[in-house]
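Reviewing the structure listed below.
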Amino acid sequence: MANTDSVKVRVLSLNCWGIRYLSKQCPQRYAMIGDMLCKEEHDIVLLQEVWSEKDYLSLKKKLVCSHPHSHYFKSGVIGSGLAIFSIHRIHDTFLFRYSLNGYPYMAHHGDWFGGKAVGMAVLNIGSLTANVYVTHLHAEYCRDKDSYLPHRVVQAWELQQFIRHTSAGADMVILGGDLNMHPEDLGNRLLRSYTGLQDAYLETAKFDGCEDGMTLIADNPFINKKELCPFEKGIRIDYILFKGSTKTDIYCDYMSTTKGSIPNHPFPYSDHEALTAGLRLETHTLTQSDRQPKIKDSAAGKLAALVDIVTEARTEVKVGLHCAEGMRYTATRTGVMGLALLVLELAIAAVPWLALGTEQPFPRTSFYLLAALCFAILLTTFMLYIFYTMELKALQGAEDQMRLAVGSLQEKLRGFPLAQPHNAPRRPPEGHEPSALAPEE
């Protein structure tokens, strides 16, 4: 290799918890976040839960000098909540909305109204093209009985697909956001294994922050400790992930998180902790010897592990399919009962008209109330039937894609020669860990 150059990039990711009129001290916290971003001089800022565009515009006005380039991703009823600020010019943006995102009748959770998505911005950092992604996945409200797990797995599947298909020509990839998944959760393993993204917390040479890199901690005054059970101290669900290319190697020199309280302030920036990663980019030109084919002994093992992960994800999606089918059947049955009740009511109402020569008192009020109830049942069940049908289609589509992916991975795996016991495995050079699906060089 020759002509090695080094560039440093500071990245911040923060879930702002910016629900106007509902989140505690929301205006004051946005003011604190703006002041912090002006002073810290991050190169790239990835924000989640900026639900009000007014709050985004307020931050944009405040950061016009320190971060002149920004973009707000709009989606759903109240927006995606995603925003990016950068000192580098943003050349292109794109938003992909997840096909599944909770249930509209679970209004107290609110995820469905938020239009969860992944936003992409294409930046030029020097001579390098960087694809920067910011996302926020569906929340986990109950660890033991997580009814949203199939939705979150499908979101992770769509996220890795979106990143792989849009970053092919990029020199580097950065993903930041609230994934709402623990480090070893299925969706997290699926995302990192399929894309080859590296976790900044696991790769950093120096760390300063909460224990085990936790980003939702019990010591934060905005956190209800009961919601963290059975994790008494906290959990790690916010991430900064990165990946280089054949042209660029990326290293995480340091990483830090806030620790609940903020010096000289009565409360923290958010209920989540802010993450900062110091990345070092080393670019190089490939010599002829670098272009020669290389044997990747670890690729077969990675493919085998990826087959297991995708198979596990496919099983979880099938569980979601079974539940959705059951709920659609329940909605259909309830609708049929409502229709039968309406027909019965009409039949009873027709009796006085059929009784020739006799006058029967007709309870109009009761008739109208019962008719209104029947129509409400029919309308509700019809809308639920449509929603569950859409959910089934999305789950079936994801399951079909996973089935094809497993077949493709198994075919690739059969192309690898069997490992010989006496051959010691050789590790690739540091900084060149290939993705499981990376093409052979």
Answer yes if the ring centres of [X] and [Y] are under 6.0 angstrom apart, and no otherwise.
| X | Y | answer |
| --- | --- | --- |
| Tyr201 | Phe207 | yes |
| His109 | Tyr148 | yes |
| Tyr105 | Trp112 | no |

Inset, instruction - For Thr332 and Thr381, run side-chain contact (heavy atoms from CB on, under 4.5 Å): C-alpha distance rounded to whole Å, both residues' side-chain angles, the deciding distance at 0.1 Å, then the answer. - result: CA-CA 7 Å; Thr332 303; Thr381 53; over 6 Å; no

Any donor-acceptor N/O pair, [X] side chain to [Y] backbone, under 3.5 Å:
| X | Y | answer |
| --- | --- | --- |
| Arg29 | Trp17 | yes |
| Glu273 | Gly260 | yes |
| Ser58 | Lys54 | no |
| Thr135 | Gly177 | no |
| Glu53 | Trp51 | no |
| Ser70 | Phe85 | no |
| Asp146 | Glu140 | no |
| Lys8 | Leu279 | no |

Looking only at non-hydrogen atoms, find the nearest pair between [X] and [Y] and report the distance.
| X | Y | result |
| --- | --- | --- |
| Leu241 | Leu191 | CD1-CD2, 3.9 Å |
| Ile44 | Ser86 | CG1-OG, 4.4 Å |
| Ser75 | Gly115 | OG-O, 3.2 Å |
| Leu228 | Ile217 | CD1-C, 3.9 Å |
| Tyr103 | Glu391 | OH-OE2, 3.0 Å |
| Leu82 | Gly119 | CD1-N, 3.9 Å |

Legend entry - Nearest-0.5 Å distance that lies between atom NE2 in His272 and atom CD1 in Ile223: 6.5 Å

Legend entry - Criterion side-chain contact (heavy atoms from CB on, under 4.5 Å) on His182 and Ile235, from CA distance to verdict: CA-CA 7 Å; His182 296 235; Ile235 54 179; 3.3 Å; yes

Inset, instruction - Report yes if the side chains of Ser6 and Leu281 come closer than 4.5 Å at any heavy-atom pair, otherwise no. - result: no

Legend entry - Residues in ring pair (Phe, Tyr, Trp, His ring centres under 6.0 Å) contact with Phe113, at least two apart in sequence or another chain: none

Legend entry - ring pair (Phe, Tyr, Trp, His ring centres under 6.0 Å) against Phe382, all qualifying residues, sequence neighbours excluded: none

Could you check whether [Y] and [X], counting side-chain N and O atoms only, form a donor-acceptor pair closer than 3.5 Å?
| X | Y | value |
| --- | --- | --- |
| Glu49 | Asn15 | yes |
| Tyr133 | Asn131 | yes |
| Gln160 | Arg164 | yes |
| Asp238 | Thr215 | yes |

Legend entry - Salt-bridge contact Glu316-Lys318 (side-chain N to carboxylate O under 4.0 Å): no

Inset, instruction - Give me the one residue out of Arg192, Arg236, Arg189 that meets salt bridge (charged side-chain N to carboxylate O under 4.0 Å, His left out) with Asp199. - result: Arg236

More than 12 heavy atoms of other residues, nucleotides or ligands under 6.0 Å from [atom1] of [X]: yes or no?
| X | atom1 | answer |
| --- | --- | --- |
| Lys74 | NZ | no |
| Arg143 | CZ | yes |
| Met106 | CE | yes |

Legend entry - side-chain contact (heavy atoms from CB on, under 4.5 Å) between Leu321 and Gln396, worked out: CA-CA 7 Å; Leu321 271 170; Gln396 288 169 348; 3.5 Å; yes

Legend entry - Glu203: partners by side-chain contact (heavy atoms from CB on, under 4.5 Å), with sequence neighbours left out: Gln198, Phe242

Legend entry - Leu137, Leu179, Asn180 screened by side chain to side chain contact (heavy atoms under 4.5 Å, CB included) with Gln155, the one that passes: Leu137

Inset, instruction - For Asp111, enumerate each residue passing the side-chain hydrogen bond (donor to acceptor under 3.5 Å, both in side chains) test, keeping only those at least two apart in sequence or located in another chain. - result: Lys116, Tyr141

Legend entry - Partner residues of Ser99 under the side-chain hydrogen bond (donor to acceptor under 3.5 Å, both in side chains) criterion, sequence neighbours left out: Glu158

Inset, instruction - Could you give me the CA-CA distance, side-chain angles and deciding distance for His71 and Phe73, then say whether ring-ring contact (aromatic ring centres under 6.0 Å, His included) is met? - result: CA-CA 7 Å; His71 185 76; Phe73 297 95; 4.7 Å; yes

Inset, instruction - Apply the test side-chain contact (heavy atoms from CB on, under 4.5 Å) to residues Leu12 and Glu40: give CA-CA distance (whole Å), side-chain angles for both, the deciding distance (0.1 Å), then the verdict. - result: CA-CA 10 Å; Leu12 178 136; Glu40 295 293 331; over 6 Å; no

Between side-chain atoms of residues 322-331 and protein atoms elsewhere (two or more places apart, or another chain), which donor-acceptor pairs fall under 3.5 Å?
{"residue": "Arg328", "atom": "NH1", "partner": "Thr389", "partner atom": "OG1", "Å": "3.3"}
{"residue": "Thr330", "atom": "OG1", "partner": "Gly326", "partner atom": "O", "Å": "3.0"}

Inset, instruction - Compute both the distance and the angle, then confirm whether Arg152 meets the cation-pi test with Tyr98: under 6.0 Å from the six-membered ring centre, within 45 degrees of the axis. - result: no

Inset, instruction - Start with the C-alpha gap between Asn101 and His138, add the side-chain angles, then the distance that decides, and say whether side-chain hydrogen bond (donor to acceptor under 3.5 Å, both in side chains) holds. - result: CA-CA 6 Å; Asn101 187 41; His138 198 292; 4.7 Å; no

Inset, instruction - For the pair Tyr254 and Arg10, evaluate side-chain hydrogen bond (donor to acceptor under 3.5 Å, both in side chains) and give the outcome as yes or no after the intermediate values. - result: CA-CA 10 Å; Tyr254 65 88; Arg10 294 189 71 208; 2.9 Å; yes

